[in-house]
Asker: 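Sharing a structure here in C-alpha cells format.
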Amino acid sequence: MKNLLEELNPMQREAATHFEGPQLILAGAGSGKTRVLTNRIAWLIGEKHVDPWNILAITFTNKAAGEMRERIDRLVGYGSDSIWVATFHSTCGRILRRFAEGIGYGTNFTIYDGDDQKTVMKDVCKRLNIETRIYKERMFLNAISSAKDELIWPEEYMKTAHGDPEMIRIGQVYTEYQRTLKKSNAMDFDDMIGLTVRLLKECPDVLEYYRGRFAFIMVDEYQDTNTAQFELIRLLAGRNGNLCVVGDDDQSIYRFRGANIRNILNFEKVFPGAAVVRLEQNYRSTPAILDTANAVIRNNRGRKKKTLWTANPEGPKTIYTALDSAYEEAEYVVRDIAQAAGRGEAAYGDCAILYRTNAQSRLLEEKLLLAGIPYRIVGGINFYARKEIKDLLCYLKAIDNPEDEVAMHRIINIPKRGIGAASILKAETYAAVNEISFYEALTKSSQIPGMGRTAAKMDAFVTFFETLRSKARVLDVRALLDEILEKTGYIKELEAEGTPEAKDRIENIDELVSKVAAYLEHTPEASLGGFLQEVSLVADIDTLEDGNGQVLLMTLHSAKGLEFPRVYLTGLEEGLFPSYQSIMDENSEEALEEERRLCYVGITRAMKTLILTSARSRMVNGSHRYNAPSRFLEEIPEELLDVRDSGYGSYRSRGSRDSQRRDGHTALPWEERSSEGKAGNWSDSRSSFDRGKTGRKVLREKPYLSKGKDVQKADHLEYSEGDRVRHVRFGEGVVTKIADGGRDYEVTVEFEKAGVRKMFAAFAKLQKI
DNA sequence: TTAAGTTAAGTTTTT
DNA sequence: CTTAACTTAA
C-alpha cells in the first residue's frame with residue numbers, strides 16, 4: 001500500500017488519503033484524477049478496512065466506469081468486484097429495476113432514447129392538435145428535459161406558468177407526454193435520474209437501505225452534474241456524508257444538458273467543512289500546449305482561479321494553418337497525418353481529429369478513405385439507431401414489456417402483416433375509450449368497431465407474439481433473438497432483396513447477435529431486461545478500444561477525458577466554433593464561455609503536438625459560407641504559435657487575419673442573416689419561446705383534416721372474376737379474384753406479359769373486353 | 001393499402 | 001446536402 005502512495009505527488013496523496021466527510025478535488029486537465037480516485041479506493045479498503053461493498057463510484061460514461069473498474073481491479077484484488085462503479089444512468093437503472101414499484105412503475109420498465117421520445121412527442125402533439133410544422137417536437141422535448149433536469153414535474157411546471165399561454169401549452173404537452181410514458185411503463189433518460197430521486201424521497205426505507213450501503217461515494221466529472229444528479233448524490237450521501245467529488249470547472253461543457261456549474265462552485269457552501277484539494281500539476285501535455293490552453297481559458301471570467309503547470313519537457317509550438325476551404329482543410333490534415341506517420345513521428349493510432357459538429361466528419365472521412373489511412377469515427381449515428389437494429393430491439397422490448405407502445409407499434413407490421421395505419425388508429429381509439437393498453441386492445445380485435453377482416457390479422461399477430469413471449473421465459477436472450485429472426489423471416493427477406501444495402505443490414509444484425517453473446521458471457525445474472533438496459537445506455541465512445549492503429553475522429557464533447565499524442569483541432573471559425581447559436585444566444589456571454597471551455601478541453605487533449613486549422617469557406621446546407629477565423633485563435637499570443645502556410649499557395653494566414661476580419665466584417669454570416677429577409681425564419685425559429693409572438697400559431701386549428709378526396713368505392717364493377725380486361729400499362733389479362741377490401745375492391749389480375757398483379761379497382765381503371 | 005417519387009425544411013454538443 | 005413529409009400512382 002505504501003508504494004501505491006509513493007507514486008503520488010503531495011497534493012494527490014492528500015486527496016487520496018482523505019477519510020471521512022465531504023471533499024472537493026479540483027483537478028485540472030491531465031492532473032491524474034483517475035489515479036487519485038482509484039488510489040483512494042484502494043487506500044480506504046487497505047488502510048481503513050472499508051468494506052468494498054460500501055463504496056460507490058459514479059462516472060458519466062461507461063468508458064470511464066470501465067477504465068476505473070480495470071484500474072481498481074489491479075489495485076485492490078480481493079473484493080474489488082463488489083465495489084459499485086457505474087454511470088449515473090446505470091446506477092439509477094439498477095436501483096429502479098429493484099424498487100420502481102415504489103413510485104408506481106413496473107420493474108420491467110423500458111428506457112426510451114431520443115428517437116423514441118420523438119415518436120411519443122409526435123403522437124402527443126397529434127392528440128393535442130398541435131401543428132408540429134411550426135412548433136417542433138424537439139422544442140417541447142428540450143423544454144421538458146430542462147424541467148426534468150431541475151426536478152420540475154408537470155404539476156409544478158403548470159403552477160409556475162402564471163397564465164403565460166406559452167408555458168401552459170408546454171405544460172399541457174409535458175403532462176400528456178409524461179402520462180403516455182407512464183402508460184407504456186417507460187422512462188426517458190431524464191426520468192431515470194428524476195424518478196430515482198423521487199423514489200428516494202418518497203420511500204424512506206429505500207433511502208435508508210442505500211445510505212447504509214453507500215457509506216463512501218465518489219463522483220467523477222462533478223462539474224457536469226445537473227440539479228437532479230446533484231440531488232441524487234446529496235440524498236445518498238446524507239448530511240455529513242463521505243462524499244468525494246472530482247471536477248474541473250474549466251471543463252464544464254454540458255450546460256445545454258442542464259449541467260449546473262454552481263454545483264462545483266458552491267460545493268463548500270452546501271457541504272460546510274468540506275476539504276478542498278487542488279491538483280494543478282499536469283502530467284499529460286508539454287508546456288507549449290499548456291500555455292496555449294491557459295491563454296484561451298483565462299478569458300473566462302466565471303471560474304475558480306488555478307494555474308496548470310507541468311514538469312514535462314518542452315515540445316513543439318502549437319501549429320496553426322488557415323486553409324481556403326473545408327475541402328483543403330481536410331486534405332491538409334490527412335496529408336499531415338500521412339507525413340507524420342512517414343517520418344515516424346506519430347503512428348495513426350496516436351492521432352485524433354476533433355471538431356465541433358458531427359457533420360464536419362464527412363469530408364475528413366472522405367479524404368482518409370482516399371489516402372487509405374485507417375480511421376474510426378466516434379459518435380454520429382449510433383449503431384442501435386439503425387433501422388434493422390431498432391426493429392429487432394423493439395421485438396425484445398415489446399416481449400419484455402408489452403405495454404411499451406412505441407415498440408408495439410413498430411413491430412406490429414414488421415414484417416408486413418397487412419395491418420395498416422387506419423386499423424392501428426382504430427385499435428388505438430378503442431384502447432383509449434376502454435382505458436386499456438394498446439396491446440390489450442389487439443387481443444380483443446374482434447370487439448373493435450369497423451375492424452373488418454384486419455381483426456383476423458391482429459389475432460394472428462397476437463398468437464405469434466404470445467408464442468414468442470412464452471419462449472422468452474425459457475430461452476436466453478441469444479436464443480430468443482435467433483427465434484425472432486427465424487420466425488419473422490427478417491434475414492431471409494433481406495437476403496431476397498440482395499442489394500448491397502441489405503447486405504450491410506445483415507452484417508449489422510450479425511453484430512447485434514455477437515453483442516448479445518458478449519453480454520451473456522460477461523454478465524453473471526443475464527436477463528432480457530438487463531440486456532435492454534445496457535444497450536440503451538451505451539454510447540459509441542464506450543466501445544472505443546485503443547491500440548488498433550486507427551486515426552480517431554470525434555466531436556470535442558466526445559473527446560473529454562481522453563488524451564492523444566497528436567491532436568488536430570479543426571474548424572476554428574466564427575459561427576462554427578464558437579457556434580452560431582452561442583454567439584446569438586440571449587446569454588451570449590455565458591454561452592461563449594462554454595464554447596471557450598470546450599476549446600480548452602480540446603487543446604488539453606493533446607500530449608505532444610497540437611495542430612489548429614481553420615477554413616475560410618465551408619459548405620453549410622449546400623451553400624458556401626464564409627467565416628472569419630475563430631476568436632479563440634485571436635486569444636492565443638502570436639509567439640505561442642507556429643503559423644504555417646497551407647501549402648496551397650494562395651492565401652496567407654495569420655498576418656492578414658485581423659485585416660481580413662475587419663474587411664469581412666459586413667459579410668459575417670450572422671450579421672448577413674439579420675439584415676436579410678431570410679432572417680425572419682431564423683429569428684422565428686429561435687424565438688419559439690418568445691411570449692405571444694407566435695403563440696397563436698400553436699393554438700391554431702389544423703387547417704385541414706382531410707382533403708375530401710377519398711377514393712370512392714364503386715357501387716359495382718364492370719367486370720367480374722374470369723373476365724378479360726385491359727390495363728393502360730400491363731396490357732391484357734384475366735381477372736382471377738375480386739376481394740371486397742372495405743373501402744375499395746382489391747382486384748387480382750393475371751396479365752399475359754406482366755404476370756399476376758394485385759391492384760385497387762379505383763386506381764387500376766380496368767376495361768372489360 | 002403501400003411504395004415510390006417529389007418537395008420542403010433544417011442543422012450543436014449527449015446520457 | 002441530407003432527411004422527413006407529402007403526393008401520386010398502382
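Every chain is numbered from 1, with letters handed out A, B, ... down the list of sequences.
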Asker: Are Arg597(A) and Tyr600(A) in a cation-pi setup, meaning NZ or CZ lies under 6.0 angstrom from the ring centre and within 45 degrees of the ring axis?
Answerer: no

Asker: With a 4.0 Å cutoff (strictly under), does any side-chain N or O of Ser90(A) reach OP1 or OP2 of dT15(B)?
Answerer: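 The answer is no; no side-chain N or O of Ser90(A) sits under 4.0 Å from OP1 or OP2.
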
Asker: Would you indicate which nucleotide in dT14(B), dT12(B), dC1(C) comes nearest to any side-chain atom of Arg362(A)?
Answerer: dC1(C)

Asker: When the nearest nucleotide of DNA chain B is assigned to Glu595(A) and to Leu537(A) on a heavy-atom basis, which residue is associated with the more 5' position?
Answerer: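 Taking each residue's closest nucleotide, the earlier one in sequence belongs to Glu595(A).
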
Asker: In whole angstroms, how far is the C1' atom of dT1(B) from the CE atom of Met458(A)?
Answerer: 14 Å

Asker: Whole angstroms only, please: what is the CD-P distance between Gln229(A) and dT14(B)?
Answerer: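 Distance, rounded to whole Å: 16 Å.
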
Asker: Give the rounded distance in Å between these two atoms: CE of Met584(A) and P of dT12(B).
Answerer: 14 Å

Asker: Looking for any heavy atom pair under 4.0 Å, which part of the strands does Tyr254(A) touch: base, sugar-phosphate only, or nothing?
Answerer: sugar-phosphate

Asker: Measuring to OP1 and OP2 of dT14(B), would you say a side-chain N or O of Ser558(A) lies under 4.0 angstrom away?
Answerer: yes

Asker: Which whole-number value in Å describes the distance from Lys118(A) NZ to dA5(C) P?
Answerer: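 From Lys118(A) NZ to dA5(C) P: 6 Å.
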
Asker: If the condition is ring-ring contact (aromatic ring centres under 6.0 Å, His included), which residues does Phe109(A) pass it with, not counting sequence neighbours?
Answerer: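 Counting only residues at least two positions away or on another chain, Phe109(A) forms no ring-ring contact (aromatic ring centres under 6.0 Å, His included).
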
Asker: Taking the six-membered ring where the residue is Trp, are the ring centres of Phe632(A) and Phe577(A) under 6.0 Å apart?
Answerer: yes

Asker: Taking the same atom, C1', in dA4(C) and in dT13(B), what whole-Å distance lies between them?
Answerer: 22 Å

Asker: With sequence neighbours excluded, tell me which residues meet side-chain hydrogen bond (donor to acceptor under 3.5 Å, both in side chains) with Thr91(A).
Answerer: none

Asker: Would you tell me whether Thr227(A) and Asp149(A) have side-chain atoms, one donor and one acceptor, within less than 3.5 Å of each other?
Answerer: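 Note: Thr227(A) and Asp149(A) side chains miss the donor-acceptor criterion.
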
Asker: Can you tell me how far P of dT13(B) sits from OH of Tyr580(A), to the nearest Å?
Answerer: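 Whole-Å distance recorded here is 17 Å.
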
Asker: Look at the side chain of Met619(A) and decide which nucleotide, out of dT13(B), dT15(B), dC1(C), has an atom nearest to it.
Answerer: dC1(C)

Asker: Check Lys390(A) with Asp113(A), please: is the shortest side-chain N to carboxylate O separation under 4.0 Å?
Answerer: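 Salt bridge flag = yes for Lys390(A) with Asp113(A).
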
Asker: Contact class for Asn413(A) (heavy atom, under 4.0 Å): base, sugar-phosphate, or nothing?
Answerer: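 Here Asn413(A) touches the backbone only, sparing every base.
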
Asker: Measure from NZ or CZ of Lys148(A) to the centre of the six-membered ring of Phe189(A) and say whether it is under 6.0 Å with the direction within 45° of the ring axis.
Answerer: no

Asker: Give the nucleotide from the list dT14(B), dT12(B), dT15(B) with an atom nearest to the side chain of Gln581(A).
Answerer: dT12(B)

Asker: Would you say the base of dT15(B) stacks on Phe60(A) (centre-to-centre below 5.5 Å, plane angle below 30°)?
Answerer: no

Asker: Take atom CD of Glu221(A) and atom P of dT15(B), then tell me their distance rounded to the nearest Å.
Answerer: 12 Å

Asker: Quick check on dT14(B): is either OP1 or OP2 less than 4.0 Å from any side-chain nitrogen or oxygen of Asn358(A)?
Answerer: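 Checking Asn358(A) against dT14(B): at least one side-chain N or O falls below 4.0 Å of OP1 or OP2.
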
Asker: What nucleotide among dT14(B), dT12(B), dA5(C) has an atom nearest to a side-chain atom of Lys122(A)?
Answerer: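 My answer, after comparing the listed nucleotides, is dA5(C).
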
Asker: With pairs defined as Watson-Crick or G-U wobble and both distances under 3.5 angstrom, please note down DNA chain C as a dot-bracket string, | for pairing with another strand.
Answerer: ||||||||||

Asker: Between atom CG in Asn226(A) and atom P in dT15(B), what is the gap in whole Å?
Answerer: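 Atom-to-atom, Asn226(A) to dT15(B), this comes out as 14 Å.
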
Asker: Passes ring pair (Phe, Tyr, Trp, His ring centres under 6.0 Å), His557(A) versus Phe256(A)? Steps please.
Answerer: CA-CA 12 Å; His557(A) 283 86; Phe256(A) 71 92; 5.6 Å; yes

Asker: Calculate the interatomic distance between Phe577(A) atom CZ and dT13(B) atom P; express it in whole Å.
Answerer: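 Between P of dT13(B) and CZ of Phe577(A): 13 Å.
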
